[in-house]
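Here's the structure we're looking at; comments come further down.
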Amino acid sequence: MTDVVIIGAGHNGLVCAFYLASAGLKVTVLEARDVVGGAAVTEEFHSGFRNSVASYTVSLLNPKVIADLDLPRHGLRIVERRVANFLPREDGYLLTGEGRTKAQVAKYSTRDAEKLGAYDARLEVIADVLRAVILETPPNMVEGGITAVLPELLKSAGLGRRLSRLDVTARRDLLALFSQSAGDWLDGWFESDPIKAVLGFDGVVGNYASPYTPGSAYVLLHHVFGEVNGKKGAWGHAIGGMGAITQAMAAACREKGVEIRTGDGVAEILTKRGRATGVVTDSGLMFEARAVVSGAHPRITFERLLDPALLPADFRERIGRYRSGSGTFRMNVALSELPRFTALPDVGDHLTAGIIIAPDLAYMDRAFLDARRDGWSREPIVEMLIPSVLDDSLAPESRHVASLFCQHVSPTLSGERSWDDCRDEVADLMIATVDRWAPGFKASVIGRQVKSPLDLERDFGLIGGDIFHGALTLDQLFSARPVLGHGAYRSPVPGLYMCGAGTHPGGGVTGAPGHNAARTILKEIRPR
């Protein structure tokens, strides 16, 4: 018998396992795929070409997690992009990044260039609040007397004290960022389309919505609280791809005695007298445990792995309504040569950037409306990264790989259409979209890997292809993630805990849910 069984060897499951094992618990991690990492994996997708399959860039990985697991000692190396973002346009281009942004924005608006400093400073104040909350367990709605309620009230009071230190301007900004659309927020700051497009893209990444959908300003905020090698707001690349992160985490876990078993997923969570007591795998193996921790999507945990009769009726209903589906179509392509953009044709540092093909917010708005009506946008949003310009381990000499993160597509198609039938048609459209801005790109593609929303669900358990394990909306955040009353990593079933991105603080490769869940579990499950 083990102390804890963890369902899924994604990055949060591994982080949780590390902290539990470090405290002296015997931990077993069970993973359905043949490789650890969940959606943070690196694979060869064309002969000689490797790339991150699903998640594809680094910023949100928490510095405490990196330090506690000593990931650099286990082989992790992260390098910063030389340019943050590159936005090609028909009237030129915009580059952002340290030392570049103000002069670039001034090409389109001197007024906007002068406002950038104030914008960054005020956004950073709110981002710092998020950074402080990321590794906190949310105050939970609980039943019982004052002895049960008081600890949660104290947590809430601690958060209140932090917020009370904000001045009036920051409080107003906080309210706006949690309630407004990204488009409305940015329209209030800037007048020129290029800077609004670059900043507004963060409001629709993994978010099946228009940049003018209320609440998308928070998604924008969610993407700016990260850092790379101590530099706040920076984005980077893990040498060897995203799988290098989870391989380093797995090495840290094994060093602490964690047993990691791959190629055999969990089929059922076992219970006795209403308490979780272990799991049965797809192959029929049984693992008894004092606690079960699920890193899977909440709907998989509570609708597929657990007897629904064990759950309160209202909880079952809320999980059934839990919104998941990010409108994501993911591709990796092998290239015979680097793309040359009409707006900036020479090879240069702009090819290390996040290359955003969406020239303005109106374009992003149309992309969403198209997808809702037709299943996918006629002019899709594409972010392209070319990690091989920073990491020559991913492709043969003089060849390259590119990640295409494509939006918007409908998580599910209407009528008799299936993503299995439409996958290649949409993949061709995505490549043609890049080719429009970088003529010759299509001809340079010598291999490709395509993941529709359905593929992302089947391969990685991302319901509706949702990279965040559920929409980042106000009713699915903090204490309400995944369901109000169970935001503190505990499920309604005693002995069953949650540690995945469907808990606070949500999606992205952060490690924070795993970190926080372990702290909660260790308060209740002690070493023998």
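This is a predicted model, so every value here is computed, not measured. Quick note: numbers below take in every heavy atom, side chains included, and nothing from hydrogens, waters or symmetry partners. By convention here, the first residue in the shown sequence is residue 1.
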Strictly by modelled atom types, are [X] and [Y] linked by a side-chain donor-acceptor pair under 3.5 Å?
| X | Y | value |
| --- | --- | --- |
| S403 | N51 | yes |
| T57 | R81 | yes |
| T510 | N62 | no |
| D349 | T352 | no |
| Q104 | Y93 | no |
| T473 | R323 | yes |

Report yes if the side chains of [X] and [Y] come closer than 4.5 Å at any heavy-atom pair, otherwise no.
| X | Y | value |
| --- | --- | --- |
| I431 | F441 | yes |
| M430 | V426 | yes |
| R436 | T433 | no |
| V382 | I356 | no |
| F201 | V205 | yes |
| L60 | I134 | no |
| S418 | D421 | yes |
| P482 | M498 | yes |

I'd like to know if the side chain of [X] reaches the main chain of [Y], judged simply by a donor and an acceptor atom lying under 3.5 Å from each other, with no hydrogens or angles considered.
| X | Y | result |
| --- | --- | --- |
| S294 | A296 | yes |
| D365 | S210 | no |
| S326 | N207 | no |
| R89 | A358 | no |
| S192 | P194 | no |
| T96 | N85 | yes |
| H408 | A209 | yes |
| E44 | G48 | yes |

What distance do [X] atom [atom1] and [Y] atom [atom2] have between them, rounded to the nearest 0.5 Å?
| X | Y | atom1 | atom2 | result |
| --- | --- | --- | --- | --- |
| K451 | N332 | NZ | CG | 9.0 Å |
| L477 | T503 | CG | OG1 | 11.5 Å |
| L472 | S216 | CG | OG | 11.5 Å |
| L61 | I78 | CG | CD1 | 5.5 Å |
| L335 | S444 | CG | OG | 4.5 Å |
| D466 | I463 | CG | CD1 | 9.5 Å |

For [X] against [Y], the heavy-atom pair lying closest together:
| X | Y | value |
| --- | --- | --- |
| L361 | P211 | O-CG, 3.7 Å |
| A512 | L135 | CB-CD2, 3.9 Å |
| H400 | S388 | ND1-OG, 2.7 Å |

What residues form a ring pair (Phe, Tyr, Trp, His ring centres under 6.0 Å) with [X], not counting sequence neighbours?
| X | answer |
| --- | --- |
| F468 | H222, H223 |
| H11 | none |
| F49 | H46 |
| W419 | F329, W376 |

### Task
Take the angle between the ring planes of W185 and Y119 and call it parallel below 30°, perpendicular above 60°, tilted in between.
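The rings of W185 and Y119 sit tilted, inter-plane angle from 30° to 60°.
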Once you measure the plane-to-plane angle for H297 and H469, does it fall in the parallel (<30°), tilted (30-60°) or perpendicular (>60°) bin?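 Ring orientation, 0 to 90° scale: tilted.
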Residues in salt bridge (charged side-chain N to carboxylate O under 4.0 Å, His left out) with [X], at least two apart?
| X | value |
| --- | --- |
| R417 | none |
| D120 | none |
| D424 | R448 |
| D68 | K64 |

- Quick one: salt bridge (Lys or Arg N to Asp or Glu O under 4.0 Å) pairs with a partner in residues 325-343, sequence neighbours left out?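 As it turns out, there is no salt bridge (Lys or Arg N to Asp or Glu O under 4.0 Å) pair with a partner in residues 325-343 once direct neighbours are skipped.
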Write out all pairs satisfying salt bridge (Lys or Arg N to Asp or Glu O under 4.0 Å) with one or both partners inside residues 49-60, taking only residues at least two apart or from two chains.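 Output for this query is empty, none listed.
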Does a side-chain N-to-carboxylate-O contact under 4.0 Å join [X] and [Y]?
| X | Y | result |
| --- | --- | --- |
| D455 | R423 | yes |
| K102 | D112 | no |
| E457 | R299 | no |

As a quick check of understanding, evaluate side-chain contact (heavy atoms from CB on, under 4.5 Å) for V401 and V333, giving each step before the final call.
CA-CA 6 Å; V401 296; V333 293; over 6 Å; no
Should Y489 and N516 be marked as a side chain to side chain donor-acceptor pair (under 3.5 Å) after you check the CA-CA gap, both sets of side-chain angles, and the distance that decides it? CA-CA 8 Å; Y489 312 99; N516 299 349; 3.0 Å; yes
Pairs meeting criterion side chain to side chain donor-acceptor pair (under 3.5 Å) with involvement of residues 231-254, two or more places apart:
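Listed once each, the pairs are E80-K231, E98-K231, D128-K232, H237-D391.
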* Look at atom CZ of R131 and say whether more than 12 heavy atoms of other residues, nucleotides or ligands are closer to it than 6.0 Å. =>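 Correct, the count exceeds 12.
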Notebook entry, point to check: Take atom CG in D392; do more than 12 heavy atoms of anything else shown fall under 6.0 Å from it?
Noted result: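 Counting neighbours around CG of D392, 12 or fewer heavy atoms of other residues, nucleotides or ligands fall under 6.0 Å, so no.
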Practice prompt. Using the six-membered ring of F368, assess whether NZ or CZ of R373 lies under 6.0 Å from its centre and within 45 degrees of the ring axis.
Written response: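 Not flagged: R373 not positioned over aromatic ring of F368.
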**OP:** List the steps, then state whether side-chain contact (heavy atoms from CB on, under 4.5 Å) holds for R261 with T28.
**Re:** CA-CA 8 Å; R261 302 172 66 102; T28 300; 4.2 Å; yes
Q. Could you go step by step and tell me if L338 and V389 meet the side-chain contact (heavy atoms from CB on, under 4.5 Å) rule?
A. CA-CA 9 Å; L338 288 170; V389 296; 3.7 Å; yes
Could you give the side-chain donor-acceptor pairs of residues 29-38 under 3.5 Å, partners two or more places apart or in another chain?
unit_1 : atom_1 : unit_2 : atom_2 : d
E31    : OE1    : A9     : N      : 2.7
E31    : OE2    : R33    : N      : 3.0
R33    : NH2    : E43    : OE2    : 2.8

